[in-house]
Each structure stands twice: as C-alpha cells, then as structure tokens.
Amino acid sequence: MSLTDTQSILLSSAAHRGSGSVYPLPASITAGPGPVARTLNLLAKRGLIEERETSLPDEVWRVGDVTRYGMFVTAAGLVAIGVDDGAGQGCGRAAVPAPVQTKAAQVLALLRRSDGATLAELIAGTGWLPHTTRAFLTGLRKKGRTLEKSKRDGVTCYSIVEAG
C-alpha cells in the first residue's frame with residue numbers, strides 16, 4: 001500500500017499513542033485544516049483510520065450535536081506502516097512502529113556513504129525527477145550542510161561532509 005509522507009507521519013504518530021488517536025497532530029504537519037482534513041478523509045476511506053467517540057479534548061476531530069469524535073488508527077492502518085502488534089488487533093497496544101523511511105532519509109543515507117552518490121543513484125533511490133533531486137541538494141546547502149563534489153568514473157558524486 002502506497003502512502004504519502006504526510007499519511008505515514010499521521011499513522012506513525014497515532015501508532016505511538018496508547019489510544020491510537022491521530023490528534024493532536026504532530027508538529028511536523030504544518031498544512032492547514034483543509035489539506036489535513038482531506039488527508040484524514042482519504043485515510044478513513046481506505047480504512048486506515050476510523051472515527052470514534054472521545055471525551056479527551058486533545059483527541060477531538062469534530063463535534064457532533066453533543067458528541068465529540070476523534071480519528072483513530074485501525075489495525076489496517078498499523079499494517080500499512082509495518083506495525084504488527086502480534087494480535088492483529090491494532091491500536092491501543094504497545095506496538096512499536098517500524099521507522100518510517102522517508103525519501104529525504106534515503107538521500108541522506110546515500111550521501112553519507114564513503115563514496116557518496118551520483119545524481120542517477122539518488123534519482124533511482126527516491127524516484128524523484130532530476131530537478132527535484134537537485135533542488136533537494138540545494139535545500140541541504142541552504143540548511144547549512146556541506147556537500148562535497150567528486151568524480152567517480154567521470155560522473156559527479158555528491159557526499160555530505162560531516163562536521164567534526
């Protein structure tokens with residue numbers, strides 16, 4: 001099952017909570033209420049989260065006439081992010097989710113290799129377009145990372161110069 005980075009973050013943060021609640025949203029989710037609502041509705045439509053009554057203010061997704069509802073990760077949602085609690089039940093368990101491997105983390109891992117990575121290797125590793133990959137490298141430089149360029153078989157290789 002393919003998930004976007006935002007969907008993976010929402011499911012992973014919910015999996016970390018004992019209640020399995022999607023709310024409160026992780027600090028890394030900076031999208032406005034509209035995009036978040038669309039993402040949650042899509043996850044609910046796919047059966048990865050579900051709406052349940054809640055009494056905790058931090059978990060409220062919407063308010064009905066007198067009932068408050070929250071969004072909670074389902075067993076299918078846990079499976080989608082690689083979490084298996086052993087009982088096949090899902091949320092509310094002491095499940096430990098598998099670390100989410102983002103494309104940014106993949107690029108950083110490739111750049112940290114001793115021989116670095118070529119643009120083609122970065123593209124193959126992430127599925128990004130060349131201009132997107134180059135923009136990511138530029139973003140790393142703007143964030144203060146030092147990238148070193150070298151040649152391997154006549155092809156430019158990029159690597160991160162670690163401080164220290």
Side-chain angles (χ1 to χ4, degrees), residues 1-64 67-83 85 90-112 117 119 121-147 158-163:
M1 178 175 297
S2 176
L3 297 172
T4 65
D5 289 343
T6 301
Q7 292 169 335
S8 295
I9 291 168
L10 290 171
L11 292 175
S12 294
S13 68
H16 277 96
R17 296 188 180 108
S19 65
S21 175
V22 172
Y23 281 90
L25 295 176
S28 61
I29 303 295
T30 57
V36 169
R38 283 191 292 277
T39 300
L40 293 177
N41 285 328
L42 182 61
L43 289 171
K45 193 174 186 177
R46 295 169 70 182
L48 303 178
I49 59 174
E50 64 186 4
E51 188 175 80
R52 288 190 236 149
E53 289 183 24
T54 185
S55 59
L56 300 175
D58 286 347
E59 294 181 349
V60 173
W61 143 256
R62 70 176 184 89
V63 178
T67 306
R68 295 176 179 182
Y69 296 95
M71 295 298 256
F72 297 87
V73 67
T74 64
L78 293 175
V79 169
I81 57 172
V83 175
D85 65 356
C91 64
R93 310 281 175 155
V96 178
V100 176
Q101 182 72 13
T102 64
K103 291 181 179 181
Q106 291 173 345
V107 170
L108 291 173
L110 289 169
L111 293 174
R112 288 189 175 118
L119 188 63
E121 291 170 337
L122 296 173
I123 291 168
T126 60
W128 285 344
L129 295 171
H131 68 273
T132 304
T133 307
R134 284 189 209 98
F136 183 81
L137 296 175
T138 301
L140 286 176
R141 288 185 190 105
K142 287 182 178 179
K143 290 178 181 175
R145 301 281 183 126
T146 303
L147 294 180
Y158 300 91
S159 60
I160 287 184
V161 177
E162 299 290 345

Salt bridge (Lys or Arg N to Asp or Glu O under 4.0 Å) pairs touching residues 53-64, sequence neighbours excluded, are E51-R62
Interatomic distance, CG@L111 vs CG@L147, rounded to 0.5 Å, equals 6.0 Å
Inset, instruction - Decide side-chain contact (heavy atoms from CB on, under 4.5 Å) for Y23 and V36; before the verdict, give the C-alpha distance in whole Å, the side-chain angles of both, and the deciding distance to 0.1 Å. - result: CA-CA 11 Å; Y23 281 90; V36 169; 4.1 Å; yes
Open item on the list: Using modelled atom types and a 3.5 Å cut-off, is there a donor and acceptor pairing between side-chain atoms of T74 and backbone atoms of G47?
Closed with: yes
dist I49:CD1 -> L78:CG (nearest 0.5 Å) comes out at 12.0 Å
Result block: side-chain N/O donor-acceptor pairs under 3.5 angstrom for residues 132-144, not counting sequence neighbours:
unit_1: T133; atom_1: OG1; unit_2: L129; atom_2: O; d: 3.0
unit_1: T138; atom_1: OG1; unit_2: R134; atom_2: O; d: 3.1

Scanning both residues in full, the closest heavy-atom pair of V60 with L56 reads CG2-O, 3.5 Å
For T4, the side-chain contact (heavy atoms from CB on, under 4.5 Å) test, sequence neighbours excluded, returns T6, Q7
State, with a plain yes or no, whether a side-chain heavy atom of T126 is found less than 4.5 Å away from one of L110.
-> no
Shortest non-hydrogen pair, L40 vs M71, comes out as O-CE, 4.1 Å
On a heavy-atom basis, the closest approach of A76 and L48 is O-CD2, 3.5 Å
In terms of heavy-atom contacts, A15 and I81 come closest through CB-CD1, 3.9 Å
Point to revise | Side chain S21, main chain F72, donor-acceptor under 3.5 Å | key: no
With sequence neighbours left out, the residues meeting side-chain contact (heavy atoms from CB on, under 4.5 Å) with T30 are none
With distance as the sole test, does R52 use its side chain to make a donor-acceptor pair with the main-chain N or O of G70 at under 3.5 Å? no
| So do the side chains of V22 and S13 get within less than 4.5 Å of each other, counting heavy atoms only? | no
Interatomic distance, OH@Y158 vs CG@L119, rounded to 0.5 Å, equals 6.0 Å
With sequence neighbours left out, the residues meeting salt bridge (Lys or Arg N to Asp or Glu O under 4.0 Å) with R38 are none
By salt bridge (Lys or Arg N to Asp or Glu O under 4.0 Å), R68 pairs with (sequence neighbours left out) none
Shortest non-hydrogen pair, I29 vs L10, comes out as CG1-CD2, 4.1 Å
